[in-house]
There are 4 protein chains.
Amino acid sequence: MSEVSSPQTAGAGAPRGRIDKRHAILGAAFTVFAREGYGQACVRVIAAEAGVAKPTVYNHLGDKENLFRHAMEAAGARALTASLAVVAELRAEGATADDAAALSATLEDVGYRLLLCSCDERSWALRRLLYAEVGKFPELLDSVWGHGTHRVQEALADRFARLTLAGRLHTADPAQAAEQFFALLTGPMEARSRLGTRPVSDAEAREVARAAVRTFLRAFGPGPDETA
Amino acid sequence: MSEVSSPQTAGAGAPRGRIDKRHAILGAAFTVFAREGYGQACVRVIAAEAGVAKPTVYNHLGDKENLFRHAMEAAGARALTASLAVVAELRAEGATADDAAALSATLEDVGYRLLLCSCDERSWALRRLLYAEVGKFPELLDSVWGHGTHRVQEALADRFARLTLAGRLHTADPAQAAEQFFALLTGPMEARSRLGTRPVSDAEAREVARAAVRTFLRAFGPGPDETA
Amino acid sequence: MSEVSSPQTAGAGAPRGRIDKRHAILGAAFTVFAREGYGQACVRVIAAEAGVAKPTVYNHLGDKENLFRHAMEAAGARALTASLAVVAELRAEGATADDAAALSATLEDVGYRLLLCSCDERSWALRRLLYAEVGKFPELLDSVWGHGTHRVQEALADRFARLTLAGRLHTADPAQAAEQFFALLTGPMEARSRLGTRPVSDAEAREVARAAVRTFLRAFGPGPDETA
Amino acid sequence: MSEVSSPQTAGAGAPRGRIDKRHAILGAAFTVFAREGYGQACVRVIAAEAGVAKPTVYNHLGDKENLFRHAMEAAGARALTASLAVVAELRAEGATADDAAALSATLEDVGYRLLLCSCDERSWALRRLLYAEVGKFPELLDSVWGHGTHRVQEALADRFARLTLAGRLHTADPAQAAEQFFALLTGPMEARSRLGTRPVSDAEAREVARAAVRTFLRAFGPGPDETA
DNA sequence: GATGAATGAGGTTTCATTCAT
DNA sequence: AATGAATGAAACCTCATTCAT
């Protein structure tokens with residue numbers, strides 16, 4: 001993300017220690033916020049979890065709101081990276097899906113991996129915190145959530161457009177198709193994972209992915225009329 | 001001193017009974033919790049919003065956690081009632097959908113109305129609070145969320161089973177079909193309403209419902225094999 | 001305990017029910033005050049212990065301070081009655097103590113019985129509450145404590161004066177003798193009963209009484225020079 | 001060398017300012033508890049009396065109960081120190097009491113000084129608080145009261161044993177003699193100082209001490225049998 | 001006269017935040 | 001730059017007390 005060159009890099013001093021401390025604070029903050037919620041979380045606990053003193057937290061991040069914002073953004077960036085990697089693999093692998101079975105298998109695999117990303121404990125925590133504090137921190141919608149899902153869906157939509165041009169998919173609105181593909185994947189997980197409070201078995205994730213892809217391909221895949 | 005009319009027969013704050021006050025408190029509590037979150041909401045503000053004194057809140061609901069639980073359950077019951085009413089209408093109207101266009105129109109209508117329910121401001125607030133506090137109040141999963149969505153999806157699944165028997169739909173797993181129908185409806189709303197922080201126009205809701213039903217019927221409706 | 005006269009059916013004038021209720025309230029108040037202290041005791045608990053509603057307590061006793069005063073006075077009167085009865089018995093029996101052994105036995109018996117009174121659980125509670133709240137309720141010193149101990153010591157002093165006139169005791173200051181007699185009795189009980197928090201066995205009480213009388217008679221009794 | 005700036009070591013090497021503040025808090029706490037009782041005393045007032053902010057009290061002592069415990073223990077230690085000093089002087093001086101008049105004078109002096117200790121305003125406050133809260137804080141019996149009085153009485157008993165061996169006193173049970181010596185001293189002060197709410201003149205304290213010693217020596221001193 | 005319901009005031013405790021070291 | 005100590009503000013909750021029935 002921000003590849004800001006640290007101003008101290010040249011010297012023999014240890015800016016790395018400072019950066020590490022900052023990361024430790026952000027990580028601890030996310031952990032505690034995730035466990036207790038923004039309002040109930042207290043800076044003393046975060047500092048303890050990070051292994052630093054309380055004023056150090058303030059020295060690094062300013063105040064609690066800023067701390068929350070940065071912790072959320074860091075967690076969001078991490079989650080986005082994972083999802084984008086999955087879609088990037090789709091780009092690479094999916095290009096070779098040249099028959100119906102292969103396309104289905106590829107989509108299933110992508111779906112399954114996306115589910116793994118979004119069913120990760122920290123992803124659920126991120127989502128819960130987002131839902132919880134969107135009223136108080138509306139800017140997180142963009143900085144944490146919007147850009148991320150948007151980019152992933154855009155990447156998927158791109159792929160679907162390519163597949164449509166290749167005659168492997170039928171959709172006049174790839175963005176909508178991607179939107180629905182996502183909905184079919186993540187929607188059923190809400191209930192099954194009990195809002196992320198219960199781990200979902202790989203088998204169940206695979207089943208949801210399979211069902212989603214089956215429905216998706218029935219709607220948008222090469223119909224029987226085409227295969228005829 | 002003047003002859004002031006008896007305060008309970010005239011005037012604004014007429015005490016019309018204990019139940020009214022309890023409802024006022026629960027309503028105010030939900031409003032404030034929705035606005036500020038559980039942790040940030042303070043009982044003083046809730047009491048003020050309800051027009052009662054602070055101890056009255058404690059007399060009625062015990063403590064803040066109980067207050068939250070009951071406010072959530074009341075809001076959940078209200079939301080469930082609305083959604084069930086929509087599905088109940090589907091039961092009545094849907095029975096007459098005897099051709100493809102009619103079925104599509106009926107499903108669209110039901111989907112649209114379900115979206116109206118779940119895009120209601122208070123429904124979004126309920127969902128946000130649920131997400132936010134599921135860690136601290138896991139029992140709300142059942143008492144507020146689980147039973148509700150389960151019952152609505154079950155009702156839908158029943159309907160889909162009947163339609164399948166009537167040859168209007170093809171699905172071997174009506175529960176899964178209902179699950180996906182819901183996902184196609186509500187999934188796209190998350191982004192479009194920005195997690196419920198922005199009202200969604202009727203037109204957009206209709207469009208989402210139409211797209212959901214189109215995809216759903218392509219997957220589960222009478223296929224081209226039937227028309228052939 | 002309570003002579004049952006149903007207050008509802010007693011006809012026109014049923015002051016008995018009201019008086020019983022007042023007694024119940026005072027008794028409950030003393031119980032709760034003794035258990036929790038004046039500051040921590042709360043009127044709701046007292047009302048519950050008395051089996052009446054909270055406003056009834058206020059109807060009968062006015063406010064918490066008054067309630068405390070009256071409960072203390074009632075308990076003080078009860079304790080005083082018991083102690084005076086013991087001394088009264090001394091008057092009757094002690095008059096016949098005409099030799100050294102008989103006098104010693106009589107004083108021991110009186111001492112033992114006075115110890116029983118002042119080691120009663122409620123007596124200790126009374127003393128503790130008095131100590132505790134003498135700053136806030138200085139008038140209780142007279143209305144509860146002063147009069148009581150004063151009267152008992154006066155009665156003892158009277159007796160000692162008579163015995164001195166009869167040549168059975170030697171003291172120029174009967175009041176001081178009574179004061180010290182009391183001190184020798186009750187002083188050692190403080191530690192032995194751990195400020196009244198642990199019951200003292202009869203054997204120990206008798207031992208303390210015996211030791212007190214032995215010392216007392218060595219100081220004030222007929223000396224060996226006299227018996228010689 | 002100055003090992004001053006060792007921020008890690010807390011407790012023994014704590015900075016002077018912190019210890020002073022802790023003492024100020026404990027002193028203020030005892031003052032306020034003594035004035036208002038445990039239940040009525042409020043931490044805000046204690047903090048104000050100590051000249052610190054309310055949270056500082058909590059930082060140092062944890063909560064109100066702990067604050068009370070420590071304030072009581074500090075006051076108890078102070079009182080014990082004073083009394084032990086008096087008895088220690090007895091040890092030094094008493095050894096030279098080689099005739100009846102000197103013994104009497106010495107005991108009177110010790111008694112008088114012990115009375116000064118136990119009639120000190122803060123000693124009465126300590127006793128009142130102990131009586132008042134022994135139900136809620138039973139451990140104070142040992143940590144504040146028991147050890148103290150026990151040690152003083154033991155020291156006295158030791159002295160009495162030595163005097164008995166020297167033929168200056170007659171008692172087979174020095175512990176009991178010390179117990180009664182104390183009772184004769186402190187018992188009469190309860191009423192005379194009105195439970196410690198009224199200062200007692202030195203003259204009255206001397207009179208009580210003299211009377212106590214007179215009675216004590218009549219009972220345990222060198223009797224006429226010896227002089228015969 | 002007795003009671004359920006309501007309230008103003010105030011208690012303990014914790015928190016986010018800032019100095020002084 | 002990092003920390004122990006301190007603080008103003010405010011939260012939850014309880015209490016003594018009073019109406020209206």
Side-chain angles (χ1 to χ4, degrees), chain A residues 8 13-15 17-18 21 39-47 51-60 62-67, chain B residues 6-8 13 15 17-18 21-22 25 39-47 51-65 67, chain C residues 7-8 14-15 17-18 21-22 39-47 51-67, chain D residues 4-10 14-15 17-18 21-22 25 39-47 51-65 67:
Chain A
Q8 257 79 341
R18 182 160 171 82
K21 204 158 270 190
Q40 279 97 338
C42 96
V43 178
R44 174 174 45 89
V45 173
I46 291 173
V52 301
K54 226 185 324 177
T56 304
V57 176
Y58 285 89
N59 283 343
H60 278 262
D63 63 0
K64 194 184 179 189
E65 296 193 1
N66 241 323
L67 175 58
Chain B
S6 148
Q8 60 255 56
R18 189 154 202 280
K21 205 154 270 189
R22 184 187 168 98
I25 292 172
Q40 281 98 335
C42 105
V43 178
R44 175 173 45 87
V45 174
I46 291 175
V52 301
K54 224 188 325 175
T56 303
V57 175
Y58 286 91
N59 280 345
H60 279 261
L61 275 311
D63 62 0
K64 196 187 178 186
E65 295 193 2
L67 174 59
Chain C
Q8 254 60 334
R18 183 162 170 79
K21 203 157 271 190
R22 184 189 168 96
Q40 280 97 338
C42 97
V43 179
R44 173 172 47 87
V45 174
I46 291 173
V52 301
K54 224 185 328 178
T56 303
V57 176
Y58 285 89
N59 284 342
H60 278 260
L61 274 311
D63 63 0
K64 195 188 179 187
E65 296 194 1
N66 242 321
L67 174 59
Chain D
V4 167
S5 61
S6 165
Q8 196 62 302
T9 59
R18 183 162 170 80
K21 207 156 268 189
R22 183 188 168 99
I25 292 173
Q40 280 98 336
C42 105
V43 179
R44 172 172 47 85
V45 174
I46 291 175
V52 300
K54 227 185 327 178
T56 302
V57 176
Y58 286 90
N59 279 346
H60 279 260
L61 275 311
D63 63 0
K64 194 188 179 185
E65 296 194 2
L67 175 59

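So that the names make sense, note that chain A is the first sequence line, chain B the second, and so on, each numbered from 1.
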Q: Determine, step by step, whether D:Arg22 and D:Leu61 satisfy the side-chain contact (heavy atoms from CB on, under 4.5 Å) criterion, reporting the C-alpha distance in whole Å, the side-chain angles of both residues, the deciding distance to 0.1 Å, and the verdict.
A: CA-CA 8 Å; D:Arg22 183 188 168 99; D:Leu61 275 311; 4.2 Å; yes

Q: Taking for each residue the nucleotide of DNA chain F bearing the nearest heavy atom, is the 5' side occupied by D:Ala53 or by C:Arg44?
A: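 Its nearest nucleotide being more 5', the pick is D:Ala53.
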
Q: According to the Watson-Crick and G-U wobble definitions, with both distances under 3.5 Å, which nucleotide is paired to E:dG8?
A: F:dC15

Q: Between F:dT14, E:dA2, E:dT14, spot the one nearest the side chain of B:Pro55, thanks.
A: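 Selected nucleotide (nearest to the side chain): F:dT14.
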
Q: What is the separation between atom CG on C:Leu61 and atom P on F:dT17, rounded to the nearest whole Å?
A: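 Going from C:Leu61 (CG) to F:dT17 (P), I get 11 Å.
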
Q: For B:Ala41, which contact category applies under a 4.0 Å heavy-atom criterion: base, sugar-phosphate, or nothing?
A: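 Sugar-phosphate contact only - B:Ala41 comes under 4.0 Å of backbone atoms but never of a base.
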
Q: C:Lys54 or B:Tyr58: which one's nearest nucleotide on DNA chain F is closer to the 5' end?
A: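 First, find each residue's nearest nucleotide; the 5'-ward one identifies B:Tyr58.
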
Q: Backbone N or O of A:Ala41 within a donor-acceptor pair of the A:Lys64 side chain at under 3.5 Å?
A: yes

Q: Calculate the interatomic distance between C:Asn59 atom CG and F:dA16 atom C1'; express it in whole Å.
A: 14 Å

Q: Assess whether side-chain contact (heavy atoms from CB on, under 4.5 Å) is satisfied between C:Asp63 and C:Val43, documenting all intermediate values.
A: CA-CA 9 Å; C:Asp63 63 0; C:Val43 179; over 6 Å; no

Q: Rounding to a whole Å, what distance do you find between A:Leu67:CG and E:dC15:P?
A: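 To the nearest whole Å, that distance equals 15 Å.
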
Q: Measure from CG on D:Asp63 to P on E:dT14 and round the result to the nearest Å.
A: 8 Å

Q: Taking atom C1' of E:dT17 as reference, at what distance in whole Å does atom NE2 of A:His60 sit?
A: 17 Å

Q: Which is more 5' along DNA chain E, the nucleotide nearest D:Gly62 or the one nearest B:Val52? Just name the residue.
A: B:Val52

Q: For C:Thr56 and D:Lys64, take the nucleotide of DNA chain E holding the closest heavy atom to each; which residue's nucleotide lies nearer the 5' end?
A: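 It is C:Thr56, whose closest nucleotide lies nearer the 5' terminus.
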
Q: Say you draw a straight line from CD1 of C:Ile46 to CG of C:Leu67; how long is it, rounded to the nearest 0.5 Å?
A: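 Here the rounded value is 5.0 Å.
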
Q: Got a second to check how far C:His60's NE2 is from C:Asn66's CG, nearest 0.5 Å?
A: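 Going from NE2 on C:His60 over to CG on C:Asn66, the span is 13.5 Å.
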
Q: In whole Å, what is the span from the CZ atom of C:Arg22 to the P atom of E:dG1?
A: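 It is 14 Å, rounded to the nearest whole Å.
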
Q: Whole Å only: how far is the CD atom of D:Gln40 from the P atom of E:dT12?
A: 11 Å

Q: Is F:dT21 paired to anything, Watson-Crick or G-U wobble with both distances less than 3.5 Å, and if yes, which nucleotide?
A: E:dA2

